[in-house]
Amino acid sequence: MADMGAFREAVGRWAAGGPAGRATELAAQLGLRTAVLLEGPSDLAAVEALAARRGRDLGAEGVCVMPMGGAMSVGRYAGLLGPPGLGLRLTGLCDEREQSYYERALRRARAPRPGFFVCAADLEDELVRALGPAAIEEIIAAEGDLRAWQTFLRQPAQPAQHGRARSRQLRRFLGTKKGRKIRYGHLLVEALDLTAVPAPLDALLASV
């Protein structure tokens, strides 16, 4: 039986220069109609967590949430999954600093730019600002990462951090250990008030 993980793997192999056949076959079996293009797995964790909290099964709705392994891959993935390739409707998130790059890539793929929603810095920044630093630190403590957080704040190798806003320090901390951004992508969405979801994330879910 086809599953979304197998489809993501097949697309990854296709994007790396492999054949298109398996991805095409799985897309048909899954009844896919929309691909949500995201920069990486932490964004995937956040989007899937919010969908679950809202009682949605995106896969059953024909929606594939696809981490691309970096923003610079958007042209490749848009071409494979959008009108030139599988013909899926494209939507997703992009960071403000990469907006112009996305616009050019989507034009080349003949995909409409309005389907993509812009985060000011990145999705972690949106989530940290929505929850507030105090709430994030409570989550860090509950997850057993308080000592690591305190050590990070004291690191002499990070002197620039001491003058930064707490929210920027928190964003940097979430990216200092492999897998932490993915885990916290899920946890931060779990902690959100569903009436105060960051606008780009809220708009993305509403669009699919």
Side-chain angles (χ1 to χ4, degrees), residues 2 4-51 56 58-127 129-130 171 175 181-182 185 189 197-208:
M4 201 61 71
F7 175 71
R8 290 191 188 109
E9 289 178 4
V11 172
R13 290 192 293 270
W14 186 16
R22 183 59 175 159
T24 302
E25 175 187 332
L26 288 170
Q29 291 177 9
L30 292 164
L32 296 182
R33 57 178 180 80
T34 299
V36 179
L37 301 183
L38 301 173
E39 183 172 341
S42 62
D43 300 330
L44 169 66
V47 169
E48 290 192 332
L50 182 58
R56 296 184 61 183
L58 296 180
E61 296 174 25
V63 177
C64 173
V65 185
M66 177 68 66
M68 301 180 294
M72 297 301 103
S73 296
V74 64
R76 179 68 171 153
Y77 277 81
L80 297 180
L81 301 179
L86 296 183
L88 304 180
R89 172 180 171 260
L90 300 180
T91 185
L93 296 172
C94 72
D95 301 343
E96 189 173 61
R97 65 182 176 275
E98 289 150 355
Q99 186 175 352
S100 61
Y101 180 80
Y102 270 66
E103 288 173 348
R104 291 193 298 272
L106 293 170
R107 280 198 300 271
R108 289 195 298 270
R110 305 192 301 277
R113 159 66 183 79
F116 280 70
F117 304 93
V118 181
C119 299
D122 53 27
L123 184 53
E124 284 80 19
D125 171 64
E126 298 283 350
L127 292 170
R129 286 190 288 113
R171 281 179 54 223
K181 281 181 70 173
I182 300 171
V189 169
V197 175
L201 185 57
D202 192 44
L204 174 65
L205 262 291
S207 75
V208 297

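Atom CG of Leu44 is separated from atom CD of Glu39 by 13.0 Å, given to the nearest 0.5 angstrom. Atom CG in Asp43 sits 10.0 Å away from atom CG in Leu204 (nearest 0.5 Å). In this structure, OH in Tyr77 is found 11.5 Å from CG in Leu38, a value given to the nearest 0.5 Å. Interatomic distance, CH2 of Trp14 versus OG1 of Thr24, reported as 5.0 Å (0.5 Å rounding). For the atom pair OG1 (Thr34) and CG (Leu81), the distance works out to 11.0 Å, reported to the nearest 0.5 Å. Between the CG atom in Leu32 and the CG atom in Leu58 there is a gap of 11.5 Å [rounded to 0.5 Å].
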Begin from the C-alpha positions of Glu48 and Val189 and carry the test side chain to side chain contact (heavy atoms under 4.5 Å, CB included) through to its verdict.
CA-CA 9 Å; Glu48 290 192 332; Val189 169; over 6 Å; no
The test is side chain to side chain contact (heavy atoms under 4.5 Å, CB included); show your working for Arg171 and Asp122 and say whether it passes.
CA-CA 9 Å; Arg171 281 179 54 223; Asp122 53 27; 3.1 Å; yes
Would Met66 and Val36 satisfy side chain to side chain contact (heavy atoms under 4.5 Å, CB included), going step by step from the backbone distance to the final call?
CA-CA 6 Å; Met66 177 68 66; Val36 179; over 6 Å; no
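The heavy-atom pair separating Ala15 from Arg76 by the smallest distance is O-NE, 3.1 Å. In plain terms, the two heavy atoms of Ala10 and Arg22 that are nearest each other are CB-CG, 3.9 Å. The two residues Pro83 and Ala111 have their closest heavy-atom pair at CD-CB, 4.5 Å. Contact detail for Met72 and Tyr101: the closest heavy-atom pair is O-OH, 3.0 Å. Contact detail for Ala109 and Pro84: the closest heavy-atom pair is O-CD, 3.2 Å. Taking every heavy atom of both residues into account, Val63 and Met4 meet most closely at O-CE, 3.7 Å.
When atom types are taken as modelled, the side chain of Glu126 and the backbone of Ala120 share a donor-acceptor pair closer than 3.5 angstrom.
The shortest side-chain heavy-atom distance between Pro200 and Leu123 does not fall under the 4.5 Å cut-off. Counting heavy atoms from C-beta outward, Phe117 and Asp202 have side chains that stay 4.5 Å or more apart. Looking at Glu103 and Phe116, their side chains never come closer than 4.5 Å, going by heavy atoms from C-beta outward. A 4.5 Å side-chain heavy-atom check between Arg8 and Pro67 finds at least one atom pair inside the cut-off. Counting only heavy atoms from C-beta outward, the side chains of Leu80 and Leu86 never approach each other to under 4.5 Å. By the 4.5 Å heavy-atom criterion applied to side chains, Arg56 and Val208 are counted as neighbours.
Residue pairs meeting the salt bridge (charged side-chain N to carboxylate O under 4.0 Å, His left out) criterion with at least one partner in residues 83-93, sequence neighbours excluded, are absent.
With sequence neighbours left out, the side-chain contact (heavy atoms from CB on, under 4.5 Å) criterion links Arg97 to Asp95.
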